[in-house]
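Quick note: numbers below take in every heavy atom, side chains included, and nothing from hydrogens, waters or symmetry partners. For clarity, every value in this text was computed on a predicted model and none was experimentally measured. Chain identifiers are assigned alphabetically (A, B, ...) following the order of the sequence lines, protein sequences preceding nucleic acid strands; residue numbering begins at 1 within each chain.
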Protein chains: 2
Amino acid sequence: MLQTLERGLDILQAFSEADPLRSAAELSTSTGLPISTVYRLLQTLEKRHFVEAAGNARYRLGPSMYLLAQVVRQQMSGSLGPVALPIMQHLTTCTGETTVLTQIIGDKAVCIESVESPQAVRLSFQRGRVMPLWAGASARVLLAYTDPQTAADVLAHIDNEWFASGEPVDPEALRHGLQIIRVQSYADSQSEVDAGARAIAVPVFNQDGHLLAGLSVAGPLARIGDSHVPALVELLRVASAQMSAQIA
Amino acid sequence: MLQTLERGLDILQAFSEADPLRSAAELSTSTGLPISTVYRLLQTLEKRHFVEAAGNARYRLGPSMYLLAQVVRQQMSGSLGPVALPIMQHLTTCTGETTVLTQIIGDKAVCIESVESPQAVRLSFQRGRVMPLWAGASARVLLAYTDPQTAADVLAHIDNEWFASGEPVDPEALRHGLQIIRVQSYADSQSEVDAGARAIAVPVFNQDGHLLAGLSVAGPLARIGDSHVPALVELLRVASAQMSAQIA
DNA sequence: AGTGTCTATACCATATAATGAGAATGTATT
DNA sequence: AATACATTCTCATTATATGGTATAGACACT
C-alpha cells in the first residue's frame, strides 16, 4: 500500500543470516529498485540507525534493530511460553532428550522455546533458530496441520533444496509424507535439520482446534530407535493435550 | 528524508520492552500522527508481518521482526566477539565472577557478550540486555569515554530516574562521577542495575584510540570488597589491552 | 599523472503516491 | 437500542517520492 515504506522494509529484509552484509549495488538488483532510490532509502534507514555502514561499501542491520530484537525476544514465546516450559521440562526429564517448541512465522518454522537434554551427547537447539517448513519433524508437523493455502505455497517454492543428510527434497514425496503425518498424527524425521539426529513431533492446538505450535523430542540417532517411538509419541500427546488445556 | 518510511520506523520504535503491546490510538498520540495515517502505516507493516494484531485492539511486533532479530543476534558481537570471548573466559576463570562486554547502541548500553561465573551465587547477565548509559559500571564507563555530544544528550534527558538500589539519579553527581572515571580510568558501581551487585569496568579502545566497548567484572556485593578492587582493575586493564591489540 | 571502475551524493522536472479530514462500517459494552 | 471505540473507506489536494543523469570522491592498475 505505502510504496516508500514497503521498499524500506524490502531493504531490511534483504539482510539475512546467510547474507548479513550487503552492498548498495546488490540491494539494487535483489530488490529491483534503481540505485539512486536504494541510496535514498539507505540514507533514511541509516539516519534512524536501522542499518549502518560496515566498511568496504557494505551495510548491515544497525543499533535500532538490536533494541527491537530484544523486544521481540522477550515476547517470542508469548502466551505459550509460560505454559509450555514446565511441561517441556518434564518431557526432557522423562525422556532424557532435548525438547523443542516451534511455531510458523511467515514461511519458516522458528524454535520459540527449548529445553536441552542434560546428557553430554545431546542435540543442542536454541531459541530463535529458523528452519524451512519442510525440514525436520517439528517443522513438518506444522506444515501438515497448517491451512492448505500456506502449505501449498511452501510446496510450490521448493526447488533444489537438500536435507542435512544430503538427500534432495522431493516435493511429491513430501506431499505424501504430510498425508501420513495427518493419519498417524505425529511426525518422524532423521538427519533432516541436523545430521545424525532424529526427532518425533506432534502438533499443539488451542481449544478451538486451531494450530498453535509443534512440539518435538529430539536426540542422537543412536539413542532413538524405532522401538522407542511409540512411547515417545504417547508422552508427546499427553504433553500437547496438557498445553491445549492450559491455554487461555 | 523519506517521510513515509520514517513514520513507519517511528511506529516500529514505539514498541519497547516496557510497552510491547500498543493500540492505534496510543501510537497516534505518541508519534503525533493523525489516526488515519497510523492505520494506513499499520496496514502496510501488518501486510509485511512487521507488526501483527495481538487481539484486544492491540498490536505487537510481528514475525518478520523475529527473523531479522535472529540476523542481528548473529552479528551482535560482530568483529569484537571472537576476539573478546576467550579473554573474557580467562577473566572469569581468574576472578570467579561474571564478565560482561557492553557497547553503546543509540542512547543505550547493550550487553553484547557475557561469561557467567561458575559459582552458585552469581550475577547472571545475558546478551542483549539493555540498560541506560548512566546505570552500572560497564555502561557508565562507556558514557565517560564516548564523544561529548552523546554524553551531553544523555545527561540532558535524565528526569526522575532511579537506580536499582532505590537511589535517585542526580545529573550533577553523575557529571562529576564521569570526571572521576576518566581520572581513575575505571568505573565502580554498586546496586545500580541489579540490587546487591557490584561491578568494576574499564573501557576498550581500538588502535586509533576510538572507544569500542566496556568491559566489566561483576558479582555479589559480599564477594567484591574494596580490597579486591585494585587487583580487579589491573586484570581488566590487561584484558582490555589484549583486546585492543587483537582487533583488526 | 592518467584512466577506468566503483561508491556515494546532488540535482531536478514530473506525476505519482501519500496525506488527513471526515464519513461510513464494524464490533464490543452497557 | 444506544453508546463508545476500533477500523476501513473515500476523495480532492499537493506535498512527497521518483529515477535518470550529472558530479564528486575513493581506489586500483598502467
Side-chain angles (χ1 to χ4, degrees), chain A residues 1-15 19-65 75 78-79 206-208 210 247-248, chain B residues 1-15 19-64 75 78-79 206-208 210 248:
Chain A
M1 307 242 150
L2 297 182
Q3 193 186 55
T4 316
L5 178 52
E6 279 209 291
R7 288 175 166 188
L9 302 180
D10 281 336
I11 298 276
L12 289 180
Q13 291 190 317
F15 295 89
D19 254 325
L21 299 175
R22 319 232 46 185
S23 72
E26 277 173 359
L27 292 169
S28 169
T29 58
S30 82
T31 58
L33 295 172
I35 189 83
S36 62
T37 303
V38 169
Y39 274 114
R40 198 144 11 107
L41 291 164
L42 281 175
Q43 253 175 7
T44 10
L45 288 171
E46 199 173 5
K47 186 175 116 189
R48 299 302 240 71
H49 304 286
F50 275 78
V51 303
E52 64 185 2
N56 233 20
R58 291 291 140 82
Y59 297 84
R60 65 169 159 235
L61 295 177
S64 295
M65 288 298 305
Q75 74 179 23
S79 51
N206 67 5
Q207 286 97 328
D208 310 336
H210 189 72
I247 296 291
Chain B
M1 308 239 149
L2 297 181
Q3 194 184 57
T4 316
L5 178 51
E6 280 209 291
R7 289 176 166 187
L9 301 180
D10 281 337
I11 298 276
L12 289 180
Q13 290 190 317
F15 297 89
D19 252 326
L21 299 175
R22 319 233 46 185
S23 73
E26 278 172 1
L27 290 169
S28 169
T29 57
S30 82
T31 58
L33 295 172
I35 190 84
S36 62
T37 304
V38 169
Y39 274 113
R40 199 142 12 107
L41 290 164
L42 281 175
Q43 252 175 7
T44 12
L45 288 170
E46 198 173 6
K47 186 176 117 191
R48 301 301 242 72
H49 303 286
F50 275 79
V51 304
E52 63 185 5
N56 234 20
R58 291 292 140 82
Y59 298 85
R60 65 170 158 233
L61 295 178
S64 295
Q75 73 180 23
S79 51
N206 67 3
Q207 286 97 332
D208 311 336
H210 189 73

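Of the possible polar contacts, one joining the Gln75(B) side chain to the Leu61(A) backbone as a donor-acceptor pair under 3.5 Å is found.
Ser23(B) approaches Arg58(B) most closely through the heavy-atom pair CB-NE, 3.4 Å.
Out of dT7(C), dA10(C), dC9(D), the shortest distance to the side chain of Ser36(B) is found at dC9(D). Side-chain atoms of Tyr59(A) lie closest to dA8(C) of the nucleotides dT19(C), dA8(C), dT7(C). You'll find that the side chain of Arg40(A) is closest to dA17(D), out of dG20(D), dA8(C), dA17(D). Side-chain atoms of Thr37(B) lie closest to dG20(C) of the nucleotides dG20(C), dT7(D), dT19(C). For Thr4(B), the listed nucleotide lying nearest its side chain is dA17(D); candidates were dT8(D), dT7(D), dA17(D).
Side chains of Met1(B) and Glu6(B) form no contact here, defined as non-hydrogen atoms less than 4.5 Å apart.
One interatomic measurement links the two molecules: OH of Tyr39(B) to C1' of dA24(C), which rounds to 14 Å at whole-angstrom precision.
Counting any heavy atom pair closer than 4.0 Å across all strands shown, Arg58(B) reaches no nucleic acid atom.
Listed pair Gln3(A) / dT18(D) meets the phosphate criterion, a side-chain N or O lying under 4.0 Å from OP1 or OP2.
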Practice problem: Decide side chain to side chain contact (heavy atoms under 4.5 Å, CB included) for Leu9(A) and Leu45(B); before the verdict, give the C-alpha distance in whole Å, the side-chain angles of both, and the deciding distance to 0.1 Å. | Solution: CA-CA 9 Å; Leu9(A) 302 180; Leu45(B) 288 170; 3.9 Å; yes
